[in-house]
Amino acid sequence: MEAMEIDRESMSQNHITREDKEEEEERGKLNPIVVLLVGAPGSGKSTFCDHVMMNCPRPWARICQDTINNGKAGTKIQCLTSAGSALKDGKSVFIDRCNLDREQRADFLKLGGPQVEKHAVVLDLPAKLCISRSVKRSGHEGNLQGGKAAAVVNRMLQKKELPKLGEGFTRITFCQDEKDVQETINTYNALGPSDSLSSGCFGQKNANVKIQLGIMKFLKKVDSPGDASSEANVSQKCVHNEVSKEKDHGIEGTQNCSVPSGHACEDVKDCDKVEMTSVADGNASDNIPTLAFPSISTADFQFNLEKASDIIVEKVEEFINKIGKARLVLVDLSHGSKILSLVRTKAAKKNVDPNKFFTVVGDITRLHSGEGLNCNVIANAANWRLKPGGGGVNAAIFSAAGLALESATKERAGSLKPGKAVVVPLPPTSPLFTREGVTHVIHVLGPNMNPQRPNFLNNDYVQGCEVLREAYTSLFEGFASIVRSYGGSSKGSSGRSVKSETSPTNGGQKVKREAVYESDVNKKYKGFQKDLKPGVRNYLNGKEDLDKEDGGGMTKAWGSWAKALYNIAMHPDKHKNVVIEILDDVVVLNDLYPKAQRHLLVLARGEGLDCLADVRREHLSLLKTMHAVGLKWTEKFLDENKSLTFRLGYHSVPSMRQLHLHVISQDFNSQHLKNKKHWNSFNTPFFRDSVDVIQEVSDHGKVVLKNEDNILSMELRCHRCRSAHPNIPRLRSHISSCQASFPASLLQNGRLVFVPSEDGTGK
DNA sequence: GTTCTAGAAC
DNA sequence: GTTCTAGAAC
C-alpha cells in the first residue's frame, strides 16, 4: 500500500514541473478536495484511504497523524502543514486521524481556503467492531495492550461529536456498516480529477439513526446536560435543504436518501408513521390476514347450536396456531346471536387467543365499511350448487360481490359436497374487493339438518358433527393456503398496496428477505399487531374500554405465554410457591428468572392494567403503593446486604401482561442474564424508573412512551462507567468488577436505592 | 418471558 | 472447533 502512495506522489511531482500558469490551470481542473475521515481507532480509516488511493483516478495524499513523523506518530501541526503542501501540489487530501470532535476538525476545515471543498467521511461503525479491530491490531487480545485499546476506543466514542454541515463541510457521508463503507469507497473511486460530488449529508439510515440517537441521547442525559441541541436543529434544517436540492438535480441516484443528523429520531419515526397510515388507511391491522366466517349450518340448515359452537371452538383452536399471526373472526348479523355468545364463552374458557380469534356482530359483506374491520377473506355458507339466491349469508355475499364472484366461482367448481370448501379469488372488479378489501371468498357447505333442504341428515348428529368438522377443516385449510400464498404477494390484505412491503431495501437484505419470506411475513404481522391502537385491541378482546383510545399510542398483543403474571395477579392464593406477599392491591413475587442477586416483581392485582401504556391518573395511588411496597422490600434486602444498590422501574413494553414493577439489585450477577435484550431492558431508557413514572402520570395523566424500536438491540454498555462491550460474557465479566460510580442522572431523584457509605458520598 | 438451534463471529 | 447471537416456537 505504501508503495502505491509513493507512486501517486511521484506522478503528481511530474505535474508541478510545468509553468506556473499551466500549473494554475491544471490545479483548477484538478479541483482538489479535503476529506476528513472521522472515526474511532479500528473504524477502518486507513483502509478506506488505501482503497480509494488504489483505484481513484485523481491524485491523493493521505495525511496520517500516526505515521507522519517518519513512520511514527506526529502532531496536528505537522498534519496541517503536510496537508497544505499536498493541496498546493494539486492533490486531494485525506486527513486520516480520528477527528471525532469538532474542535479537532476545525483547523483542517480552513485548509486551502473556502474554494477547496471539505468532505467528511464518518466511519460510525459499532463500537465493538472498532474495539475488536484495535485490540487485534495491538496484537494480543486480552492482555493489557488489548484492554488499553478497548478503553481508548470507548473513551473516544463516548465523546464523539458527529460532524455537521454547519462546521464548513460541503458533504458528509455516514457509514454505519461495511456495506456503507464499500459504497462510499466506490463513490470516491469514481471521482475523476475534475469531478466533484454533490453537497449534503448522505448515508444515515433510519433504523440506525434511532440506535445511534438512542445512545447519544442516553449519553447526553448521563454526561452533559446542556449540550448544544439547538445547534443540531439548525444543521438539520440545513441538511434538509441540501437533500432536496440533491434530489432535484437527480445527481446521486444510488445514494441512500440522507436522514438528517441531530435530533431526527422522532421526526423519522413520524415520517414512517405518516407514510404507513396514509397508505394503510390508518388501521395497521389492515395487513393481518383475516378470515371472517359465518357459523356454518346453524341458520337455514338448523344445526344444533351447542354442538356447532363446540365444533367451531375446537376447530379454531386446532387451526389458530397453524396460520401464524392470521386471525379468524366469527361473524353474525344479529345482536342477540346465540351462536356468538356460545362460541365466545367456550373460546374464553379454552383460553383461545382473543387477538387471533374473536366474534363480531355485523354484516359479513360490510365488515370494512361498516365495522372498520379488514377481512381479506370471507367465508360463504354456500349451497351445493354454488349459486346465488336462497337467503342469508349466501344471498348477501353473492349480491354484494356482483357477477364477478359468480363467474369466478364457476371457473373453480360447479358444485360442492357437504364438508367441502372451495377457495375463489375475487376479481378486483368486484365491489366486495374494491370497497371491502376482500381478496378471496371461500364457499363452504355444511351438513344440513333441515328436512326442507337437500341432503337432509335426519337428526344424525354423529354424521352431522363429522361433516361440520370437515367443513371447518376445509374452510380453515383454504384460508391457510391463502395466507401462505401472501408470502410472495406485494398486496396488502385489503387490496391496497402496502408501502412497507414494497419499500426498497439493499440488495443483500432483499435476497435474504425473499428466501425467508414466510417467516418474514409473520414477523411483519406481529409488528402490525403490536401497532394496533389500544382501542382496536380492546375491541378485539371484546372489551369496551375506549378510555385507552387516546393513550400512549401503541399497545401490544400478548402471546399465549405472556399471561403467567396475569394469572398470578388474579389468583395469588393458587401460586403460593412463588408469591411472597399478598396485599389488597398488589402481589409480590420473586422473578422466576432473576437477572440480579435480588430481583422481585410487585404486581398490580387489578384487571385491565397490562402495562405502562394503560396507566392513567386514576392509577396514581396504585403506582405509589407499588413503589412503596418495592421500597419496603429493598429495605429488607439492604438490611441483609448493605453493599447492594436497587433500582425500581417498569419496562416500557413488557413481555408479560399485567403491570409489574421490577425491583432489581444493580449487580446484575445472575446466570439468567443471557442476552442483549435482558441487559438493555434494565439499562437503557427502556427501563422507566418508578419515580419518573409516578411524576409523569402526576403531571400528564399518563406515561409518555417513546417507541424506540431498536433500543433493546443497542450496543452493550456498562451501567456504571458506560463502557461498551462486544458481548454479554465480556460485559458480565466487566460489570463483576466495575467500581465506577453510577451516572449522575441515576443518583438523582431517588432512582437508585442504597445505604449511603460512611463518608456520605453515596456510591 | 424461556428454550432451542442455525449459523455467524471469532 | 468453540462461542455467541438472534430468530422461531412455545
Side-chain angles (χ1 to χ4, degrees), chain A residues 42 125-137 139-142 146 149-150 177-179 207 211 317-326 351-353 355-356 487 508-509 511-513 515-527 529-530 556-569 575 578 589-596 599-601 603 610-611 650-662 664 670-682 686-687 709-716 724-734:
Chain A
L125 285 92
K128 70 171 185 184
L129 182 66
C130 302
I131 290 170
S132 80
R133 278 180 187 163
S134 39
V135 163
K136 264 187 201 153
R137 189 183 302 165
H140 315 283
E141 188 156 1
D177 55 36
E178 295 292 357
K179 193 183 141 282
I211 296 178
E317 215 178 2
E318 183 186 327
F319 270 85
I320 205 145
N321 292 321
K322 293 186 188 171
I323 52 171
K325 300 294 164 192
N351 278 331
V352 177
D353 186 347
N355 288 323
K356 288 168 78 178
Q509 277 173 343
V511 170
K512 201 172 168 188
R513 231 166 220 271
V516 294
Y517 209 97
E518 195 71 44
S519 54
D520 212 52
V521 166
N522 286 347
K523 264 183 280 168
K524 194 168 59 208
Y525 289 134
K526 194 173 181 177
Q529 203 155 353
K530 197 170 77 181
K556 60 179 285 171
W558 303 103
S560 54
W561 41 262
K563 293 170 186 156
L565 291 180
Y566 171 80
N567 293 338
I568 293 172
H575 298 86
V578 287
L589 62 146
N590 280 308
D591 193 297
L592 187 57
Y593 299 94
K595 303 298 182 291
H599 182 185
L600 51 77
L601 305 177
L603 194 55
D610 287 340
C611 56
Y650 301 85
H651 284 160
S652 294
V653 184
S655 296
M656 305 284 275
R657 181 181 162 185
Q658 193 70 8
L659 186 70
H660 54 281
L661 171 71
H662 289 270
I664 185 165
S670 161
Q671 53 173 355
H672 296 294
L673 200 151
K674 290 175 177 170
N675 60 43
K676 212 172 223 188
K677 185 176 170 183
H678 290 156
W679 177 258
N680 283 337
S681 71
F682 289 102
F686 185 87
F687 188 82
D709 292 347
N710 292 304
I711 205 161
L712 292 178
S713 45
M714 271 168 66
E715 58 190 347
L716 298 165
H725 299 269
N727 55 45
I728 288 288
R730 299 270 279 274
L731 173 77
R732 282 187 56 182
S733 126
H734 168 83

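Following rounding to the nearest Å, A:Leu673 (CG) and B:dG1 (P) show an atom-to-atom distance of 12 Å. Computed from coordinates, the A:Leu129 CG to B:dA8 P distance equals 17 Å when rounded to whole Å. The nearest whole Å value for the distance from the CD atom in A:Glu317 to the P atom in C:dC10 is 15 Å. Rounded to whole Å, atom P of C:dA9 lies 14 Å from atom CD1 of A:Ile323. When rounded to the nearest whole Å, the span between CD1 of A:Ile568 and C1' of B:dG1 equals 12 Å. A straight line from CH2 of A:Trp561 to C1' of C:dG7 spans 14 Å, rounded to a whole angstrom. As rounded to whole Å, 15 Å separates atom C1' of B:dG1 from atom CG of A:Asp610. A:Glu178 has its CD atom 16 Å from the P atom of B:dA8, to the nearest Å.
Distance from the side chain of A:Ile728 is smallest to C:dT5 among C:dT5, B:dG1, B:dT3. When the nucleotides B:dT2, C:dC4, C:dA6 are ranked by their closest atom to the side chain of A:Pro729, C:dC4 comes out on top.
The closest donor-acceptor contact from the side chain of A:Lys356 to the backbone of A:Gly324 lies under 3.5 Å. Looking only at distances, no side-chain donor or acceptor of A:Gln658 sits under 3.5 Å from a matching main-chain atom of A:Ala569. Side chain of A:Asn680 to backbone of A:Met714: a donor-acceptor contact under 3.5 angstrom is found. Judged by distance alone, the side chain of A:Arg732 and the main-chain N or O of A:Ser670 form a donor-acceptor pair under 3.5 Å.
Using a 4.0 Å heavy-atom cutoff across all strands shown, A:Lys595 reaches sugar-phosphate atoms only and no base atom. Among the heavy atoms of the strands lying under 4.0 Å from A:Asn727 are primed sugar atoms or P, OP1, OP2 only; no base atom is included. Within 4.0 Å of A:Lys674, counting heavy atoms only, lie sugar-phosphate atoms of the nucleic acid but no base atom.
Partners of A:Glu318 by salt bridge (charged side-chain N to carboxylate O under 4.0 Å, His left out), not counting sequence neighbours, listed by chain and number: A:Lys315, A:Lys322.
For A:His651 and B:dG1, the shortest distance from a side-chain N or O to OP1 or OP2 is below 4.0 Å. Phosphate proximity of B:dG1 to A:His672: absent, as no side-chain N or O sits under 4.0 Å from OP1 or OP2.
By the criterion of a centre-to-centre distance under 5.5 Å and near-parallel planes under 30°, the ring of A:Tyr593 forms no stack with the base of B:dG1.
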